[in-house]
Amino acid sequence: MSKMPLYIAFFGLLLFFETVEAQVQFTQRLEVDTDWGDDDFFVLPREGGMVAFRMKSDTPYGRKDKFQYLVSDFQLRSEATRLITLDGYYELVGFDLDKEFLYVLFNKGSQYDSEMAIFEINLENQQLRELELNSILEMELQDFLVFNKQAVFMGKYDFRPVIQVFDIASQEVITVPGLFEKDARILQMRKDPDLNVFDVVMSRRDFYKKKIVSVLTFDTNGNKLREVKIDDLGDPSMEIVEGLLTSSHNYKQALIGPYGLRRKEAYQGLYFTRINEFGEYENTFYTVPDFENFYNYLPEKARERKLRKVERSLNRDQNIPIRNVVVTREINAADGYYLVYNDHFISSSSRAIPRDGMYASNFYRLNPMMGGYGGLFNPLWMDPRFRNTQVSNQYKYLAAQFILLDENGRIIWDNTVNLDSDSKAEPIKYGEVSFNGRNLFYMYLDETSLILSQIKDGELVMENEPFEIELIRENERIASTKENTLQLQWWYAEYYLLSGKQRIRYQAEDGRVQTRDVNFFTKIKVDDFM
C-alpha cells in the first residue's frame, strides 16, 4: 500500500493548524509602566483610535490624587501618558466620550460631604476645563451621557427614576418631566447626537399590574417629542421582559428583546417591534420552533431528545417555554438587517429579585461604578475587572445565540455557540462580536486564553478554538498575566482590543534577564480562513 495518502493527510492537517493559527494575529501593542497594584485603565474606543484612563497615586497605598490618561490611534501609536494632579478628594463615578472630548464625572470634596464635578478634556489639544455641579440631585446614579455640550444624568431619587440635563455652555439644569413614577424602571437610555435627542426605554405597571413598555424621545430641553407605548402584545398572558433599542434610521427604530409569561419566571422567546416615523409599531414574536439551530449548543443525543420534545409539544399545541434566562446583549443594525446577540444562562442566585431590571441588558456602556438595584450590584455596569473571587459562581452560561433578521423581521439565519456551562459570579455580557454581513466572529476570554468561534452565512464553521496571548517582540516572554485585569472588546472592522496587566521577562543590554510590570493594550486581527 502506498504511503502517499498518509503524507497528503499529514501535510493537509499541518496546513489546517497553521491556517487556524494565522486566523488570530497580534498586530500592535502599546505598554505603560505600572505597579502591580495600580488601578486598571478604563478603555474606550473612539473615532480614530482609543482613549484609556485611570486614577493613580504616587505610592501603592497613597491617596489616588492623580488622573492619568493616554490617547492612541488605530495603530496604537501614542504620546506619553498625561497626569492631572487633583487638589483634594476626587472619586471617579462616570465618564463618556463626545467627539474629541472626554468627559469624566467626579464626586468632589470629602468622602462624607461631596459635590459633583465634570472634567472636560479636549483629546486633540489636551486642554482641560473643570465644571462644578451644584444643582444636580443627589440621585443614585445609573447612567451619564454627554452629547453636543449637554450632559444627561439618569438615576433613582426616592426609589423613582429621574433624568436631569446639564447644559455645559450655560450651566443650567433641567429635570425631565413625566418620569418620576412609582414602580417605573428605565431599561435603557441612548443618545442620538445627529438628531440632538435622547431615547429612554421605560417599563411600568398599571393598576391591574399589566406591564407597559414605553419608548420616549426627548430633546435636550426636556421636551417629550414622541412616546410609543408598547402595550398590545395580542395575548394578555404575555409581557415584554426588557429590550434594546436600535439607533434611528429615517426616524425608524426597532426594539428587540425577550418576552415571557406574566407573573411567571418563564421566557417564551424573542420579540421584534418595528417603530415607524409616526410612532406606530408592529410586533413580531418568535418562539423556539422558529429558530432552526436553537439547540445546536447541545451534544448530538441531547439535541435530538430536545427536538423530539419540541415536535411533540407542537403536535399537542402546547407552549414551549425557555427555562433558562435570555438576555439580549447587542444589536448590530446595518443595511436594513439586524444581527441580534443573546446570552442564555441559568441563575442559581439566592439574591434574585423580580426580573424587571434584574438582567437589564444595557451593555452598550460598561461602567462598573454606577448604581445598584436595591443596594445590590447593578448588572448594567458589571465589568470583568471587578469580579469578586470570594463570591460563589451563581450564573451558568449555556450558549450565545445569534439571529439575523431583515427589516421586516424575517429570520435570515440563526445559530448558537456552546459556552460549556461556564460559571460567572455576575450576569455579565459573555463575549464580543465582529460582523461584516457575512462573517461573524465571536471571541471571549477563558482565564488567560482567547476563545474564538466563527459563523459564516449562518453556518458554524469553527467553535471555541483557543489562542494564547502573544507578544510582538520575539526577545520577550510573558512571565505572568493578572487574569482579573483582562478586558476584551471589539474595536472596529475585524479588530479586537485586549488590555490588562502583565509581567514581561526580557534580556537587558548587559545580557541579564530582567522583568517589568506593564499595562498593555494589544490590537488583534481575526481572519476568515474558509
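Here the structure is a predicted model, which is why all the values come from computation and not from measurement.
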| query | Does one side chain, of Thr217 or Asp199, offer a donor that lies under 3.5 Å from an acceptor on the other? | reply | yes

| query | Between Lys191 and Asp96, does at least one N-O distance fall below 4.0 Å, as a salt bridge requires? | reply | yes

| note | Closest non-hydrogen atoms of Ile524 and Leu450, given as atom of the first, atom of the second and distance, are CD1-CD1, 3.6 Å

| task | Would you confirm whether Tyr444, through its side chain, and Leu419, through its main-chain N or O, come within 3.5 Å as a donor-acceptor pair? | result | no

| Shortest non-hydrogen contact from Leu70 to Leu30? | CD1-CD2, 3.7 Å

| field | Ring centroid separation Phe402 to Tyr442 under 6.0 Å | value | yes

What pairs of donor and acceptor atoms, side-chain ones from residues 171-179 against any protein atom, are under 3.5 angstrom apart with sequence neighbours left out?
unit_1: Thr175; atom_1: OG1; unit_2: Gln164; atom_2: NE2; d: 2.9

| message | Closer than 3.5 angstrom, by distance alone: can the side chain of Asn125 be matched with the main-chain N or O of Gln127 as a donor-acceptor pair? | response | yes

| query | What distance separates Leu471 CG from Ile478 CD1, expressed to the nearest 0.5 Å? | reply | 4.0 Å

| task | Measure the acute angle between the ring planes of Phe180 and Tyr157, then classify it against the limits of 30° and 60° as parallel, tilted or perpendicular. | result | tilted

| Any donor-acceptor N or O pair under 3.5 Å, side chains Thr485, Asp40 | no

| 4.5 Å side-chain heavy-atom contact, Ser247 and Arg190 | yes

| said: Quick one, Val518 with Asp33, criterion side-chain contact (heavy atoms from CB on, under 4.5 Å). Give me CA distance, side-chain angles, the key distance, then yes/no. | reply: CA-CA 4 Å; Val518 297; Asp33 290 336; 3.9 Å; yes

| task | Drop me the distance from Ile118's CD1 to Lys108's NZ, to the nearest 0.5 angstrom. | result | 12.0 Å

| request: Using salt bridge (charged side-chain N to carboxylate O under 4.0 Å, His left out) as the criterion, point out the one residue from Lys66, Lys64, Lys501, Lys56 that pairs with Asp39. | output: Lys64

| request: I would like to know whether Glu31 and Asn519 meet side-chain hydrogen bond (donor to acceptor under 3.5 Å, both in side chains); could you show each step before the answer? | output: CA-CA 6 Å; Glu31 293 183 352; Asn519 267 103; over 6 Å; no

| said: With no hydrogens and no angle check, just 3.5 Å: does a side-chain donor-acceptor pair link Glu115 and Asn107? | reply: no

| Between the main-chain N or O of Glu509 and the side-chain N or O of Arg512, is there a donor-acceptor pair closer than 3.5 Å? | no

| message | Go through it in stages, so that I can follow the logic: the residues are Asn418 and Glu463, the test is side-chain hydrogen bond (donor to acceptor under 3.5 Å, both in side chains), and I'd like the CA-CA distance, side-chain angles, deciding distance and then a yes or no. | response | CA-CA 8 Å; Asn418 179 22; Glu463 186 175 34; 5.1 Å; no

| query | Are the side chain of Tyr496 and the backbone N or O of Ser434 linked by a donor-acceptor pair below 3.5 Å? | reply | yes

| message | For Glu47, is the CD atom crowded, meaning more than 12 foreign heavy atoms sit under 6.0 Å from it? | response | no

| Pair Val146-Glu120, side-chain contact (heavy atoms from CB on, under 4.5 Å): steps then yes or no | CA-CA 10 Å; Val146 184; Glu120 179 188 70; over 6 Å; no

| Just wondering, do Val24 and Leu452 contact through their side chains at under 4.5 Å, heavy atoms? | yes

| Aromatic rings Phe42 and Phe95: how do their planes relate, parallel, tilted or perpendicular, breaks at 30° and 60°? | tilted

| Judged by atom type as modelled, is there a donor-acceptor pair below 3.5 Å linking the side chain of Asn221 to the main-chain atoms of Asn223? | no

| query | Is atom CG of Asp158 surrounded by more than 12 heavy atoms (other residues, nucleotides or ligands) closer than 6.0 Å? | reply | yes

| Short question: side chain of Gln253, backbone of Thr246 - any donor-acceptor pair under 3.5 Å? | yes

| note | Exactly one of Tyr397, Tyr395, Tyr430 clears side-chain hydrogen bond (donor to acceptor under 3.5 Å, both in side chains) with Asp422, and that residue is Tyr430

| Where the side chain of Thr448 meets the backbone of Glu468, is there a donor-acceptor pair that is under 3.5 Å apart? | no

| message | Before you tell me yes or no, could you show the steps for Asn464 and Asp420 under side-chain contact (heavy atoms from CB on, under 4.5 Å), namely the whole-Å CA-CA distance, both residues' side-chain angles and the distance that decides it to 0.1 Å? | response | CA-CA 10 Å; Asn464 294 332; Asp420 203 26; 5.7 Å; no

| request: Using atom types as modelled and distance alone, determine if a side-chain donor or acceptor of Asp98 lies under 3.5 Å from a backbone N or O of Asn148. | output: yes

| field | Between CD1 on residue Ile504 and OG1 on residue Thr515, distance to nearest 0.5 Å | value | 9.5 Å

| field | Expected output: side-chain Asp35 to main-chain Gly37 donor-acceptor under 3.5 Å | value | no

| Of Tyr69, Phe53, Phe521, which is the lone residue that meets ring-ring contact (aromatic ring centres under 6.0 Å, His included) with Phe41? | Phe521

| said: Tell me if the centroids of the rings in Phe74 and Tyr492 come within less than 6.0 Å of each other. | reply: yes

| task | Mind telling me whether Tyr90 and Phe119 have parallel, tilted or perpendicular rings, with 30° and 60° as the class edges? | result | tilted

| field | Salt-bridge present (Glu476, Arg516; N to O < 4.0 Å) | value | yes

| note | Interatomic distance, CE@Met50 vs CG@Leu97, rounded to 0.5 Å, equals 11.5 Å

| message | Check whether Phe101 forms a cation-pi arrangement with Lys149 (NZ or CZ under 6.0 Å from the six-membered ring centre, at most 45° off the ring normal). | response | yes

| message | Can you give me the closest heavy-atom contact between Pro258 and Val326, atom names plus distance? | response | CG-O, 3.4 Å

| query | Should Ile121 and Val51 count as side-chain neighbours, where that means a heavy-atom distance under 4.5 Å? | reply | no

| request: Give the minimum heavy-atom separation between Met139 and Phe153, together with the two atoms involved. | output: CE-CB, 4.1 Å

| task | State, yes or no, whether a side-chain contact exists between Asp167 and Thr220 at a heavy-atom distance under 4.5 Å. | result | no

| Check against side-chain contact (heavy atoms from CB on, under 4.5 Å), Ile186 and Met154 | CA-CA 9 Å; Ile186 294 176; Met154 184 268 282; 3.7 Å; yes

| remark: One should read off an interatomic distance between Arg226 CZ and Ser214 OG, to the nearest 0.5 angstrom, of 12.0 Å

| query | Are any of the side-chain heavy atoms of Glu140 and Phe159 separated by less than 4.5 Å? | reply | no

| query | Can any side-chain N or O of Trp491 pair as donor or acceptor with the backbone N or O of Glu494 at less than 3.5 Å? | reply | no

| said: How about CG on Asn475, more than 12 heavy atoms from neighbouring residues, nucleotides or ligands closer than 6.0 Å, or not? | reply: yes

| Heavy-atom distance under 4.5 Å between the side chains of Leu92 and Arg54, does that happen here? | no

| Below 4.5 Å, heavy atoms only, C-beta onward: do Gln75 and Lys523 meet side chain to side chain? | yes

| What's the spacing between Ile168 CD1 and Tyr103 OH if we round to 0.5 Å? | 4.0 Å

| said: If you define the side chain from C-beta out and look only at heavy atoms, does anything of Leu486 sit under 4.5 Å from Leu488? | reply: no

| Quick one: does NZ or CZ of Arg329 land under 6.0 Å from the six-membered ring centre of Tyr341, within 45 degrees of the ring axis? | no

| task | Check the pair Gln23 / Gln454 against side-chain hydrogen bond (donor to acceptor under 3.5 Å, both in side chains), numbers first and verdict last. | result | CA-CA 10 Å; Gln23 204 174 2; Gln454 181 187 1; 2.9 Å; yes

